[in-house]
There are 2 protein chains.
Amino acid sequence: MSEQEISIGASTGADTGTNIDDLANRLFFRLYQCANIMHKTGTRALEETRITTQQWAIIGALARDGMEEGISVGDLTRFLLVSRQNLTGVLSRLEAQGLIERVVSPVDSRSRLIRLSAKGRDVWRRDMSAKIAAFYDAALEGFSTTDKIHAIHYFDKLLTNMKRLDQGSEES
Amino acid sequence: MSEQEISIGASTGADTGTNIDDLANRLFFRLYQCANIMHKTGTRALEETRITTQQWAIIGALARDGMEEGISVGDLTRFLLVSRQNLTGVLSRLEAQGLIERVVSPVDSRSRLIRLSAKGRDVWRRDMSAKIAAFYDAALEGFSTTDKIHAIHYFDKLLTNMKRLDQGSEES
DNA sequence: TTTTTAATGTCAATATCTTGACATATTATT
DNA sequence: AATAATATGTCAAGATATTGACATTAAAAA
């Protein structure tokens, strides 16, 4: 198999009848593949903790400074770019594991504040952090600081564009 | 909320007790976010066709030159970096929609060759391609050719590293 | 003040995603 | 040739992901 690329949806442009940019193709296909393997290797990196990458993202968000009182489900969905419904499911499992707490917001009784429990903080610091750091080291081997900064810049640009697309569709 | 970053699993490094590189953090969190919103906006871009991004990836792979006879499930999993079991489900739904055909491989009776049906080719050319091209244009607005090439380069590097991680875990 | 509109988080249905397991077939080893 | 190991694709179970819907609450409009 030659290194002919598809993306999530295109052939190399040699396909009759399509006018799909080959580089765009390759870029999005690479994003698709990277995401797939990130979840696989990331979850594997934390397998001793039984924390999945999606739970990792949430715990990491809650472990930040300033999150001690909690953050609403809506703010979390906007930060992580996942749906409210999906987050409900993941949060329920984290709560069942005793890693987070859900409390009614004092300013809006419809809203729930999500925060790490003491157990969740322990798991974050004692079990997860070193494994995460090791995972990053291995996955980013050969990346200089400048490389990381540039890669982040491209991700940011892509994210901004897709966010605009997302918001555009909400208005219709 | 300030632009303090987490990644899929880390705080900004200001968190006591963790030694997680902030840039690595941001990079992986951005990958996580981009993947999330790519699936959302990508599926939305094709909503008239009712083709999801995962089905898009498979159809795109099958639409390439040289795939007319078909490709094995195993080769597809290795190309898309998804699990065999997951692919089975997605392929079954594509087959049910009449977009692909599954035939027994002439060289290995355990193996199935997966190929686009005539209907699948029609959907690819008539319904999907223009929408995909438009999606790419919008999502990659502001990206020069050099930008795309550089972004792809970083994706490639990341992918290579994570693939190595993946293969390392298989040997243990 | 009352009515209308929008927001919140959860439930439901469907699709996608993983790992573990398995029957069958193929390949490698004895 | 016989046995052992590996590969193939699917089934099962559980986690994640979406959209649509909904009861309740808050904000905006009349």
Side-chain angles (χ1 to χ4, degrees), chain A residues 8 32-33 35-47 50-58 70-78 80-97 100 102-114 166 169-171, chain B residues 8 32-33 35-47 50-58 70-78 80-97 100 102-114 166 169-171:
Chain A
I8 59 165
Y32 173 79
Q33 286 179 310
N36 290 342
I37 201 164
M38 173 185 71
H39 287 297
K40 184 175 181 182
T41 52
T43 295
R44 193 60 183 268
L46 296 187
E47 73 183 331
R50 317 300 298 261
I51 303 287
T52 65
T53 48
Q54 290 73 19
Q55 295 175 11
W56 165 355
I58 291 161
I71 175 175
S72 70
V73 175
D75 282 341
L76 260 186
T77 66
R78 287 181 286 274
L80 303 175
L81 302 180
V82 293
S83 68
R84 292 175 295 153
Q85 294 88 337
N86 175 36
L87 201 52
T88 296
V90 184
L91 291 176
S92 293
R93 285 183 289 278
L94 282 173
E95 190 180 28
Q97 294 175 53
I100 65 163
R102 279 165 164 161
V103 296
V104 176
S105 164
V107 297
D108 181 345
S109 62
R110 298 168 302 178
S111 186
R112 298 290 179 274
L113 293 184
I114 310 295
D166 193 32
S169 67
E170 268 173 26
E171 292 163 14
Chain B
I8 61 165
Y32 173 78
Q33 287 179 311
N36 289 342
I37 201 164
M38 172 184 73
H39 287 299
K40 185 174 181 183
T41 52
T43 295
R44 192 61 181 268
L46 296 187
E47 72 182 332
R50 315 299 299 261
I51 303 287
T52 65
T53 49
Q54 289 74 19
Q55 295 175 12
W56 166 356
I58 292 162
I71 176 174
S72 71
V73 176
D75 281 341
L76 259 184
T77 66
R78 286 182 287 274
L80 303 176
L81 303 178
V82 295
S83 68
R84 293 175 294 154
Q85 295 89 339
N86 175 36
L87 202 50
T88 295
V90 183
L91 291 176
S92 294
R93 285 182 290 276
L94 283 172
E95 190 181 27
Q97 294 175 52
I100 65 162
R102 279 167 165 158
V103 297
V104 177
S105 164
V107 297
D108 182 343
S109 63
R110 299 168 300 178
S111 187
R112 298 290 178 274
L113 293 184
I114 309 295
D166 192 34
S169 69
E170 268 173 22
E171 290 164 13

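Labels below follow one simple rule: chain letters A, B, ... track the order of the sequence lines, proteins then strands, and each chain is numbered from 1.
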**Report entry** d(CD1, B/Ile37; C1', D/dA17) in whole Å
**Finding:** 14 Å

Query - B/Arg102 side chain, from C-beta outward: closest of C/dC17, C/dA25, D/dT10 - result: D/dT10

**Report entry** base_contact_polar (D/dG9 base, B/Gln85 side chain, donor-acceptor, <3.5 Å)
**Finding:** no

Report summary line: B/Glu47 CD to C/dT14 C1', in whole Å, measures 17 Å

Requested in this report: May I have the distance from B/Lys40 (atom NZ) to D/dG20 (atom P), rounded to whole angstrom?
Outcome: 11 Å

Report task. Using heavy atoms to find the nearest nucleotide of DNA chain D for A/Arg84 and B/Arg84 separately, return the residue whose nucleotide is more 5′. Result -> B/Arg84

Report task. Identify the two heavy atoms, one from B/Ile37 and one from B/Thr41, that lie closest to each other, and give their separation to 0.1 Å. Result -> O-OG1, 2.7 Å

Query raised in the report: Expressed in angstrom and rounded to an integer, what is the separation of A/Leu87 atom CG from C/dT8 atom C1'?
Result: 13 Å

Report task. Please report the shortest heavy-atom distance between A/Met38 and B/Tyr32, naming the atom on each side. Result -> CE-CA, 3.8 Å

Report summary line: From CE of A/Met38 across to C1' of D/dT16 the rounded distance in Å is 13 Å

Report task. Classify the nucleic acid contact of A/Thr88 as base, sugar-phosphate or nothing, counting any heavy atom under 4.0 Å across all strands shown. Result -> base

Report summary line: Among C/dC17, C/dT10, D/dT18, the one nearest any side-chain atom of A/Ser83 is D/dT18

Report task. For the side chain of A/Arg110, starting at C-beta, report the closest nucleotide among C/dT19, D/dT24, D/dT16. Result -> D/dT24

Query raised in the report: With a 4.0 Å cut-off on heavy atoms, is B/Gly89 in touch with a base, just the backbone sugar-phosphate, or nothing at all?
Result: nothing

Query - Rounded distance in Å - CG (A/Asn86) to P (C/dA12) - result: 16 Å

Query raised in the report: B/Leu81 or A/Ser72: which one's nearest nucleotide on DNA chain C is closer to the 5' end?
Result: A/Ser72

Report task. To the nearest Å, give me how far apart CD (B/Gln55) and P (D/dA17) are. Result -> 18 Å

Report summary line: Testing D/dA17, C/dT16, D/dG9 for proximity to the side chain of B/Arg112, the answer is D/dG9

Requested in this report: Using a 4.0 Å heavy-atom cut-off across all strands, classify A/Ser109 as base, sugar-phosphate, or nothing.
Outcome: sugar-phosphate

Requested in this report: Give the rounded distance in Å between these two atoms: CD1 of A/Ile114 and P of C/dT8.
Outcome: 13 Å

Query raised in the report: Among the nucleotides C/dA15, C/dG9, D/dT19, which one has an atom lying closest to any side-chain atom of B/Arg93?
Result: C/dA15

Report task. Specify the closest pair of heavy atoms between A/Val73 and A/Leu87, including all atoms of both residues, with the distance to one decimal. Result -> O-CD2, 3.6 Å

Query raised in the report: For A/Ser111 and D/dT25, is the shortest distance between a side-chain N/O and OP1 or OP2 below 4.0 Å?
Result: no

Requested in this report: Would you name the heavy atoms of A/Pro106 and A/Leu113 that are closest together and state the gap between them?
Outcome: CD-CD1, 3.9 Å

Requested in this report: Heavy atoms only: give me the nearest B/Leu94-B/Ile58 pair and the separation to one decimal.
Outcome: CD1-CG2, 3.7 Å

